[in-house]
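The structure under discussion appears below in the form of structure tokens.
Remember, it's a predicted structure, so these values are computed and weren't measured experimentally.
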Amino acid sequence: MEESLHEILDGIEQSVRDFTGAEAVLAEAEQRRDRTRQTVLEQVERLQAEVDAAHSPELIGVLRHLYWQQPGIHGRPLAEAADRHLNDMLAAIGPSPPGIFCADCGTELLRTSRSWKPPARYGPPLMRVPLTNGEPSDKWLRARFGSKAAAGLL
């Protein structure tokens, strides 16, 4: 049995109401997130004012956690809340070990970018790039790309 034009229009109207309601909930959640982010930054400012040294373990630990584990807290405002320049904060907190190890040599890989995403669960194993005279080894390039030329290194 075919739907009538009236039933189709009723369905569209209900879907639009649902969509509008979802947008309102999303806007409220974004406002809550923004207020909470600001509260976190204010707490970092209070911690920075309270600790004795600029490199206090408590402050560095909080900055490291917030920078590496909370990407919704942006780096520059976080550094400013800690009364630092972004590059100074990054140097102080260092890279983050993600708990992922090279499949070839077992070395723990360091996460140096917030945009880094772990590979898919069943993707190729991660391997540290072995260097020979400061460049990727021929063996590694062949395994990874088939040749130096394919890697664009010639």
Side-chain angles (χ1 to χ4, degrees), residues 14-148 150-154:
Q14 182 59 48
S15 294
V16 168
R17 270 194 236 111
D18 291 347
F19 183 78
T20 302
E23 283 185 322
V25 169
L26 180 59
E28 290 172 9
E30 288 172 344
Q31 288 175 348
R32 180 173 171 242
R33 179 203 58 207
D34 293 344
R35 284 191 307 269
T36 305
R37 179 188 300 132
Q38 188 57 42
T39 300
V40 169
L41 294 174
E42 290 167 2
Q43 291 169 338
V44 169
E45 288 175 358
R46 289 186 15 234
L47 176 62
Q48 191 280 328
E50 185 67 29
V51 296
D52 293 335
H55 291 290
S56 82
E58 296 87 2
L59 180 61
I60 298 301
V62 166
L63 293 175
R64 181 178 294 120
H65 171 78
L66 291 173
Y67 184 80
W68 289 115
Q69 304 301 321
Q70 302 297 324
I73 305 217
H74 305 292
R76 194 166 311 279
L78 179 60
E80 290 169 0
D83 198 27
R84 297 168 181 261
H85 294 285
L86 179 60
N87 288 339
D88 295 336
M89 180 189 76
L90 294 175
I93 66 172
S96 174
I100 298 176
F101 297 88
C102 171
D104 190 37
C105 70
T107 301
E108 186 166 23
L109 303 174
L110 296 178
R111 180 176 168 194
T112 58
S113 169
R114 288 178 109 184
S115 62
W116 181 85
K117 300 277 191 257
R121 178 178 229 169
Y122 299 106
L126 287 174
M127 289 193 267
R128 181 178 56 83
V129 179
L131 301 179
T132 304
N133 298 326
E135 295 198 11
S137 73
D138 289 340
K139 178 183 175 188
W140 185 84
L141 288 169
R142 277 192 306 278
R144 184 84 173 161
F145 299 103
S147 70
K148 271 187 164 183
L153 296 174
L154 285 182

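Note that CZ of R32 and CD of E30 are 13.0 Å apart. Values are rounded to the nearest 0.5 Å. Atom CD1 of I73 is separated from atom CZ of R33 by 10.5 Å, given to the nearest 0.5 angstrom.
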In a table with atom names and distances, give each donor-acceptor pair under 3.5 Å that connects a side chain of residues 37-44 to protein atoms at least two apart or in another chain.
residue, atom, partner, partner atom, Å
R37, NE, G72, O, 2.6
R37, NH1, D34, OD1, 3.2
R37, NH2, G72, O, 3.1
T39, OG1, R35, O, 3.0

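H65 pairs by the side-chain contact (heavy atoms from CB on, under 4.5 Å) definition with Q69, Q70, not counting sequence neighbours. Taking the side-chain contact (heavy atoms from CB on, under 4.5 Å) definition, one finds that V16 meets it with I12, T20, sequence neighbours left out. Residues passing the side-chain hydrogen bond (donor to acceptor under 3.5 Å, both in side chains) test with D18, sequence neighbours excluded: Q14. E28 is linked by a side-chain contact (heavy atoms from CB on, under 4.5 Å) to nothing, counting only residues two or more places apart in sequence or in another chain. In this view, R76 satisfies the salt bridge (Lys or Arg N to Asp or Glu O under 4.0 Å) rule with no residue, not counting sequence neighbours.
If you run side chain to side chain contact (heavy atoms under 4.5 Å, CB included) between V62 and each of I93, L78, L47, only L47 comes through.
Heavy-atom contacts from other residues, nucleotides or ligands closer than 6.0 Å to CD of E23 number more than 12.
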